[in-house]
Amino acid sequence: MEKGKVPSEQDFLSMFGEMGYKLRLEDKQNLVFKPTDPGADYSQIKIRRLDTGDKSYKEDTELRSLLNHLIPGESRPI
């Protein structure tokens, strides 16, 4: 891919095809692909993280929850 370019649906399908997977895009927003072969030994492939080279921030909610329980909050008088 060219720097800064986001892969298209066809780019994903071509990549998976080269890897031996015959897929169709089921959910474009969540990048979920389903097999076109009903006898496939998998039910779906989901791209959970896509690194396009752009800096992005995603809050780790599990880490925040853990830290909220471990680090004492504000001191409050009784």
Side-chain angles (χ1 to χ4, degrees):
M1 298 293 316
E2 294 175 27
K3 192 171 186 170
K5 183 180 176 192
V6 178
S8 69
E9 175 182 343
Q10 191 55 48
D11 291 330
F12 287 122
L13 292 173
S14 295
M15 176 192 69
F16 286 128
E18 290 174 9
M19 296 167 57
Y21 296 100
K22 293 180 175 75
L23 303 167
R24 63 181 166 74
L25 183 59
E26 176 76 15
D27 182 349
K28 187 173 187 171
Q29 183 176 2
N30 294 310
L31 295 175
V32 177
F33 296 83
K34 299 276 183 160
T36 57
D37 178 14
D41 59 350
Y42 55 94
S43 61
Q44 70 179 18
I45 292 178
K46 180 176 182 178
I47 299 174
R48 297 189 305 182
R49 182 170 176 250
L50 180 62
D51 184 358
T52 60
D54 295 333
K55 288 188 176 184
S56 63
Y57 171 77
K58 182 179 179 189
E59 181 178 311
D60 187 340
T61 55
E62 291 177 3
L63 178 60
R64 177 179 286 280
S65 176
L66 180 65
L67 290 174
N68 284 338
H69 289 291
L70 295 175
I71 298 174
E74 294 179 24
S75 297
R76 296 183 184 150
I78 297 179

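Positions are given from 1 along the sequence. The figures here come from the full heavy-atom set of this structure, side chains too, leaving out hydrogens, waters and symmetry mates.
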K.L.:
With no hydrogens and no angle check, just 3.5 Å: does a side-chain donor-acceptor pair link Asp11 and Ser14?
P.N.:
no
K.L.:
Checking Glu9 now: which residues fulfil salt bridge (Lys or Arg N to Asp or Glu O under 4.0 Å) with it, not counting sequence neighbours?
P.N.:
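Listed in chain order: nothing, the list is empty.
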K.L.:
Does Val32 share a hydrophobic cluster with Met19, counting links as ILVMFWY side-chain heavy atoms below 4.5 Å and allowing steps through other members?
P.N.:
no
K.L.:
Report the C-alpha separation of Phe12 and Leu25 in whole Å, then their side-chain angles, then the decisive distance to 0.1 Å, and conclude whether the side-chain contact (heavy atoms from CB on, under 4.5 Å) test is met.
P.N.:
CA-CA 9 Å; Phe12 287 122; Leu25 183 59; over 6 Å; no
K.L.:
Please, which pairs that meet side chain to side chain donor-acceptor pair (under 3.5 Å) have at least one residue in residues 29-45, sequence neighbours excluded?
P.N.:
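Listed once each, the pairs are Asp27-Asn30.
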K.L.:
Give, for atom CG of Asn68 and atom CG of Leu63, the distance between the pair rounded to the nearest 0.5 Å.
P.N.:
9.5 Å
K.L.:
Partners of Arg24 by salt bridge (Lys or Arg N to Asp or Glu O under 4.0 Å), sequence neighbours excluded?
P.N.:
Glu26
